[in-house]
Amino acid sequence: MRLGRTRLPIPPFEFEREWGNQLIRAIEQNFDSAFANIDNSAATTGYYGSFYDTTTQSAAAINTPYAMTLNSTAESNQIAVTNNSRITFKNRGTYNIQFSAQLDQTSGASRNIFIWMRKNGVDIANSAGVVAIQGASAESVAAWNFVITVLGGDYIEIMWAVDNTAVQIVAAPATAFCPAIPSVIATAIAI
C-alpha cells in the first residue's frame, strides 16, 4: 500500500521563517499519514500475571516442602495459576517472577523459613533463601525475584519449609486505614 506524501518545500536562497513553517507542516502531514492506518488496539501488551492468596498458610510438619498457594488473580495475560499454586505459562519466553510473603510466628524464639523455586516439579538449583523470624508476633516480609526461561505449558511454584510449625504465612483482613494483607503476592512478567 502506497501512502500519499506531501512534497517538502524547496528552500529559498535565504531561509525564511515561512519556509520553516511550511517544512514543519509537510513533515507533520507525512508523519500523520504514515501512521493513520495502524490499529493501536492490536498492539501487543506482553505477557503478565499478578496473583495473591487471601488465606493464612501453615506447615503441618517441619522440614517438609510446601507450595505457596495463590487463590486470586488480580490481572493476567497468557499466564494463569493452576492447581492453586502453579504459575503456568502459555508462551515460551524469559520472565521476571517476583513474590512477597507476609511471615509471622505464633510463639517462641527465633525460627526459620526456607523459600525456593520449582520448575515443573523440580527444585531450581541455587534458588533458596532463608529468613529468620525473631520472637512471637514479629512480622516480616520476604520478597525477592527470579529470572526464569520457560516453554509454553511450563509452570513455576514458590516453595517453602520451616524448622518449626509456629511459623506461618499470614493473611489479614482490611482495617479502617489499610486494605487487606494477602499472605502471598506473586507476579510474572515477560522480559
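Just so it is clear, the model here is predicted, and its values are computed rather than measured. Note that the numbering runs from 1 along the sequence shown for the chain.
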Self-check item: Worked check of side-chain contact (heavy atoms from CB on, under 4.5 Å) between V184 and F51
Solution: CA-CA 8 Å; V184 179; F51 313 100; over 6 Å; no
Specify the closest pair of heavy atoms between [X] and [Y], including all atoms of both residues, with the distance to one decimal.
X	Y	result
A188	I97	CB-CG1, 4.2 Å
T88	G153	CG2-O, 4.2 Å
V167	R111	CG2-CB, 3.3 Å
P65	W116	CB-CZ2, 3.7 Å
V162	A61	CG2-O, 4.5 Å
I169	A101	CG2-CB, 4.0 Å

Between atom [atom1] of [X] and atom [atom2] of [Y], what is the distance when rounded to the nearest 0.5 Å?
X	Y	atom1	atom2	value
S110	Q105	OG	CD	7.5 Å
E157	K119	CD	NZ	13.5 Å
F99	I158	CZ	CD1	6.0 Å
S50	I189	OG	CD1	8.0 Å
N63	T165	CG	OG1	11.0 Å
T54	L70	OG1	CG	10.5 Å

For the pair [X] (side chain) and [Y] (backbone), establish whether a donor and an acceptor sit closer than 3.5 Å, ignoring hydrogens and angles.
X	Y	value
S127	M117	yes
D53	N71	yes
Q102	I181	no
T56	A171	yes
N120	Y155	yes
D163	N112	yes
K90	N77	no
Q57	T69	yes
S183	T55	yes

Practice problem: Find out if a path of hydrophobic residues (ILVMFWY) with successive side-chain heavy-atom gaps under 4.5 Å connects V130 to F146. | Solution: no
Quiz item: Cluster question for you: counting only ILVMFWY and a side-chain heavy-atom cut-off of under 4.5 Å, with indirect links fine, are I148 and W144 together?
Solution: yes
Practice problem: Please name the residue in the list T187, I79, V147 that meets the side chain to side chain contact (heavy atoms under 4.5 Å, CB included) test with Y95. | Solution: I79
Quiz item: Y66: what forms a ring-ring contact (aromatic ring centres under 6.0 Å, His included) with it, not counting sequence neighbours?
Solution: W160
Quiz prompt | Working for side-chain contact (heavy atoms from CB on, under 4.5 Å), residues D104 and Q168 | solution = CA-CA 5 Å; D104 198 2; Q168 297 178 324; 5.5 Å; no
Practice problem: Let me see the working for V131 and I133 under side-chain contact (heavy atoms from CB on, under 4.5 Å), right down to the final yes or no. | Solution: CA-CA 7 Å; V131 177; I133 307 298; 4.2 Å; yes
Self-check item: Stepwise side-chain contact (heavy atoms from CB on, under 4.5 Å) test for I115 and M68
Solution: CA-CA 9 Å; I115 301 171; M68 291 185 188; 4.0 Å; yes
Self-check item: Atom CG of N126 with >12 non-hydrogen neighbours under 6.0 angstrom
Solution: no
